[in-house]
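Read the numbers this way: they start at 1 and go in the same order the structure lists the ligands and their atoms. Computed from a predicted structure; not experimentally measured.
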Amino acid sequence: MARYYVLLGPPGAGKGTQAKIVTDALKLSHISSGDIFRENLSKQTELGKLAQSYMNRGELVPDDLTISMIRDRLQKPDCINGAFLDGFPRTPAQAEALDKMLKENGNEVLAVPLITVPVDVILERMTGRLSCKDGGHVYHIKYNPPKVVGVCDIDGSELYQREDDKKETVQKRIEVYDRQTTPLIEYYQKQGKLVEVDGSQAITDVTACLLKALSGK
Ligand code: ADP
Ligand code: AMP
């Protein structure tokens with residue numbers, strides 16, 4: 001059976017940072033819905049143009065667009081052994097659609113780590129985040145700075161502040177998470193799949209907890 005995991009947590013909790021490390025360790029594909037939307041946005045594809053206004057306002061892109069985008073992505077050959085989903089699902093309708101999609105091939109989500117972080121930490125992490133233009137690598141001005149200012153250590157591309165990481169939008173994204181995504185905690189708890197991980201620790205300590213939480217699942 002293929003291995004599918006869902007990483008839950010508020011925006012800025014450290015999902016992308018951890019997903020990149022953990023997927024390397026577990027040899028799984030990392031699927032970040034936010035990265036896919038940003039790639040479409042920078043290429044100005046139809047999907048990118050449709051998603052842009054929602055993203056810039058800190059709102060969720062409509063379920064139908066998001067679900068069909070993820071369905072296409074999961075059908076790519078690199079997902080044959082499973083995937084680590086980061087940022088998807090974000091609504092109960094998306095979670096139900098994912099369960100249905102996986103079931104069609106006799107698969108299911110095996111475990112759902114929830115990265116918890118207090119709100120003041122989230123605010124500091126998001127407003128200090130630097131993202132790379134080409135590869136979606138993530139830095140923080142204080143907690144995880146690049147070796148050379150403004151340049152990605154990994155692919156050399158330019159680092160920028162995401163439009164939706166400006167202070168005004170960050171608050172809105174936290175509200176959207178509380179209202180639309182937190183019902184998923186109960187959804188996965190009922191399935192016995194939720195595992196909480198304390199995201200306020202240093203990056204390497206969070207990784208160790210995550211790997212422990214996933215071992216044998
Ligand atoms: P998410 O994908 O959940 O939105 P990111 O992985 O992009 O979150 O992390 C948000 C910001 O916090 C980034 O600037 C990242 O470098 C920083 N960060 C992530 N994990 C930690 C941590 N454990 N301690 C300090 N800073 C962190
Ligand atoms: P992220 O990179 O996960 O912080 O996502 C950035 C933005 O992309 C979000 O604020 C939403 O506008 C959009 N987005 C990402 N994933 C989803 C999703 N699963 N459902 C709806 N919108 C999403």
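The protein heavy atom nearest to atom 26 (N) of ligand 1 is Y143 CB, 3.4 Å. The protein heavy atom nearest to atom 2 (O) of ligand 1 is G16 N, 2.8 Å. For atom 23 (N) of ligand 1, the nearest protein heavy atom (residue, atom name, distance) is Q201 O, 2.8 Å. The nearest heavy-atom contact from the protein to atom 6 (O) of ligand 1 is T17 OG1, 2.6 Å. Summary of contacts: the protein heavy atom closest to atom 7 (O) of ligand 1 is R129 NH1, 2.6 Å. Atom 14 (O) of ligand 1 has Y139 O, 2.7 Å as its closest protein atom, hydrogens excluded (heavy atom only). Of the protein's non-hydrogen atoms, the one nearest atom 13 (C) of ligand 1 is V138 CG1, 3.4 Å.
Across R125, K142, E124, H137, heavy-atom proximity to atom 12 (O) of ligand 1 is greatest for R125.
The contact set between ligand 1 and A202, taken as ligand atoms under 4.0 Å from a residue heavy atom, comprises 23 (N). Residue contact check: K15 has heavy atoms under 4.0 Å from atoms 1 (P), 2 (O), 3 (O), 4 (O), 6 (O), 8 (O) of ligand 1.
Considering backbone and side-chain N/O atoms, Q18 never comes within less than 3.5 Å of an N/O atom of ligand 1. Residue L130 places no N or O, backbone or side chain, under 3.5 Å from any N or O of ligand 1. Residue G14 has at least one N or O atom closer than 3.5 Å to an N or O atom of ligand 1. Ligand 1 has no N or O atom lying under 3.5 Å from any N or O atom of P11, backbone or side chain. Inclusion of A13 in the set of residues having an N or O under 3.5 Å from an N or O of ligand 1 is warranted.
Within the 4.5 Å cutoff, the side chain of Y187 has heavy atoms near those of the E96 side chain. Annotation: side chain of M55 is not in contact with side chain of R162 (no heavy-atom distance under 4.5 Å).
In this structure, K166 places its NZ atom where more than 12 heavy-atom neighbours from other residues, nucleotides or ligands lie under 6.0 Å away. Other residues, nucleotides and ligands contribute at most 12 non-hydrogen atoms within 6.0 Å of the CD1 atom of I80.
Protein residues with a heavy atom closer than 4.0 Å to ligand 2 are S33, G34, F37, R38, M55, E59, L60, V61, T66, G87, F88, R90, Q94, R162, D164, R173, listed by chain and number.
In terms of heavy atoms, A95 sits closest to Y188 at CB-OH, 3.7 Å. Between V206 and D198 the shortest heavy-atom distance is CG2-O, 3.8 Å. Shortest non-hydrogen contact noted between K193 and L110 is CG-O, 4.0 Å. In this structure, T17 and I21 approach most closely via the heavy-atom pair O-CG1, 3.3 Å.
Looking at S32 against ligand 1, nothing comes within 4.0 Å, counting heavy atoms.
For the side chain to side chain contact (heavy atoms under 4.5 Å, CB included) with M69, the lone residue among L74, L47, D64 that qualifies is L47. The salt bridge (Lys or Arg N to Asp or Glu O under 4.0 Å) with D165 is formed by just one residue from the set K172, R125, R173, R38; it is R173.
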message: Between S29 and D78, does the side chain to side chain donor-acceptor pair (under 3.5 Å) criterion hold? Intermediate values first, please.
response: CA-CA 6 Å; S29 293; D78 64 323; 3.1 Å; yes
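Not a single donor-acceptor pair under 3.5 Å links the side chain of H137 to the backbone N or O of S157.
Sorted by first and then second residue, the salt bridge (charged side-chain N to carboxylate O under 4.0 Å, His left out) pairs involving residues 3-30 (not counting sequence neighbours) are K20-D35.
Looking at R179 and E175, no side-chain N of the basic residue comes within less than 4.0 Å of a carboxylate O on the acidic one, giving no salt bridge.
Under a 4.0 angstrom heavy-atom cut-off, G9 registers as lying outside contact with ligand 1.
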